[in-house]
Amino acid sequence: MKRTLIGDTSEALSKAIVLEGWVHTVRDHGKLTFFDLRDRTGIVQCIGQNLPKLSTESAVRVFGTVAARPEKLINLEIPTGKIEIQVERVEILHASHEMPFDMGMKELNLE
């Protein structure tokens, strides 16, 4: 299966896709894990059960299905805020150690 860019996921509703990118944030709730995945085209929320331990800035390949987010959980702050990826499997391509500071994509305000 060919890789899909995150920026193209909104047009792939209900389709099985493969994403590759970096783990941006992780929220582990035991059996259920939420993580944001980013590539050069954007960021998307991924949800899965019994996933391997993920750390921020790790490079991963995600196999899953694009699903519409519940209406109460839509995030209008990002272009992919109306969808999420229901993860079936994650391959860790390169595990990252915990970063000493936030490597987020926040812009610096130098004014």
Side-chain angles (χ1 to χ4, degrees):
M1 185 182 282
K2 186 178 176 185
R3 172 186 173 197
T4 302
L5 295 173
I6 290 173
D8 298 333
T9 55
S10 294
E11 290 86 39
L13 194 60
S14 301
K15 293 184 180 176
I17 61 169
V18 175
L19 299 172
E20 293 177 351
W22 294 270
V23 176
H24 189 68
T25 60
V26 180
R27 296 167 307 285
D28 192 343
H29 298 282
K31 289 185 180 179
L32 190 62
T33 302
F34 295 82
F35 65 97
D36 293 332
L37 183 71
R38 73 173 195 280
D39 68 11
R40 61 189 164 97
T41 64
I43 192 165
V44 68
Q45 177 173 274
C46 301
I47 301 171
Q49 293 183 341
N50 302 316
L51 299 179
K53 176 115 173 84
L54 299 171
S55 58
T56 58
E57 299 307 316
S58 290
V60 297
R61 181 176 294 131
V62 175
F63 298 84
T65 304
V66 180
R69 276 192 185 186
E71 194 166 324
K72 292 181 180 180
L73 301 177
I74 290 175
N75 180 357
L76 298 177
E77 303 283 323
I78 58 174
T80 59
K82 293 183 179 182
I83 56 114
E84 61 192 15
I85 309 303
Q86 299 290 326
V87 178
E88 296 165 16
R89 182 169 52 112
V90 173
E91 291 178 5
I92 298 175
L93 304 175
H94 181 76
S96 175
H97 297 289
E98 186 173 332
M99 303 301 283
F101 50 86
D102 183 17
M103 294 293 294
M105 295 173 46
K106 298 173 186 172
E107 293 183 13
L108 296 176
N109 186 0
L110 302 175
E111 296 179 17

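Cys46 places none of its side-chain heavy atoms less than 4.5 Å from the side chain of Asp36. Using a 4.5 Å cut-off on side-chain heavy atoms (C-beta onward), Ile47 and Thr33 make no contact. Inter-residue side-chain proximity for Ile85 and Gln45 is flagged as unmet; no heavy-atom pair is nearer than 4.5 Å. With a 4.5 Å cut-off on side-chain heavy atoms, Gln49 and Val87 do not count as touching. Residues Val66 and Lys15 fail the side-chain proximity criterion, which asks for heavy atoms closer than 4.5 Å. Residues Val26 and Ser55 are not in side-chain contact: their nearest non-hydrogen atoms beyond the backbone lie 4.5 Å or more apart. In this structure the side chain of Arg40 reaches within 4.5 angstrom of the side chain of Leu5, judged on heavy atoms. Side chains of Glu57 and Arg38 form a contact here, defined as non-hydrogen atoms less than 4.5 Å apart.
Across every non-hydrogen atom of Thr80 and Ile6, the tightest pair is CG2-O, 3.8 Å. Contact detail for Ile92 and Pro52: the closest heavy-atom pair is CD1-CB, 4.1 Å.
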Q: Would you please test Val60 and Leu37 for side-chain contact (heavy atoms from CB on, under 4.5 Å) and show each step?
A: CA-CA 9 Å; Val60 297; Leu37 183 71; 3.5 Å; yes
- request: With side-chain contact (heavy atoms from CB on, under 4.5 Å) as the test, would you mind laying out the steps for Thr4 and Thr9 before giving the verdict?
  value: CA-CA 7 Å; Thr4 302; Thr9 55; 4.3 Å; yes
*Audit row: Arg61, Leu19, side-chain contact (heavy atoms from CB on, under 4.5 Å) steps and yes/no*: CA-CA 6 Å; Arg61 181 176 294 131; Leu19 299 172; over 6 Å; no
| message | Assess the residue pair Phe35 and Asp28 against the criterion (side-chain contact (heavy atoms from CB on, under 4.5 Å)); give the C-alpha distance rounded to whole Å, side-chain angles, the decisive distance to 0.1 Å, and a yes or no. | response | CA-CA 8 Å; Phe35 65 97; Asp28 192 343; over 6 Å; no
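Remark: side-chain polar atoms of Thr65 are not paired, donor with acceptor, to backbone N or O of Ser14 under 3.5 angstrom. For the pair Ser96 (side chain) and Ser58 (backbone), a donor-acceptor distance under 3.5 Å is absent.
Ile17 is connected to Leu13 through a chain of hydrophobic side-chain contacts under 4.5 Å among Ile, Leu, Val, Met, Phe, Trp and Tyr, so both are in one cluster.
In this structure, Arg3 does not pair ionically with Asp8, as no charged nitrogen and carboxylate oxygen lie closer than 4.0 Å.
In this structure, CD1 on Ile83 lies 11.0 Å from CD1 on Ile74, to the nearest 0.5 angstrom.
Side-chain contact annotation: Gln86 with Glu84, donor-acceptor N/O pair under 3.5 Å present.
Judged as a side chain to side chain contact (heavy atoms under 4.5 Å, CB included), and not counting sequence neighbours, the contacts of His29 are Arg27, Phe34.
The local environment of CD in Glu11 is crowded, with over 12 non-hydrogen atoms from other residues, nucleotides or ligands closer than 6.0 Å.
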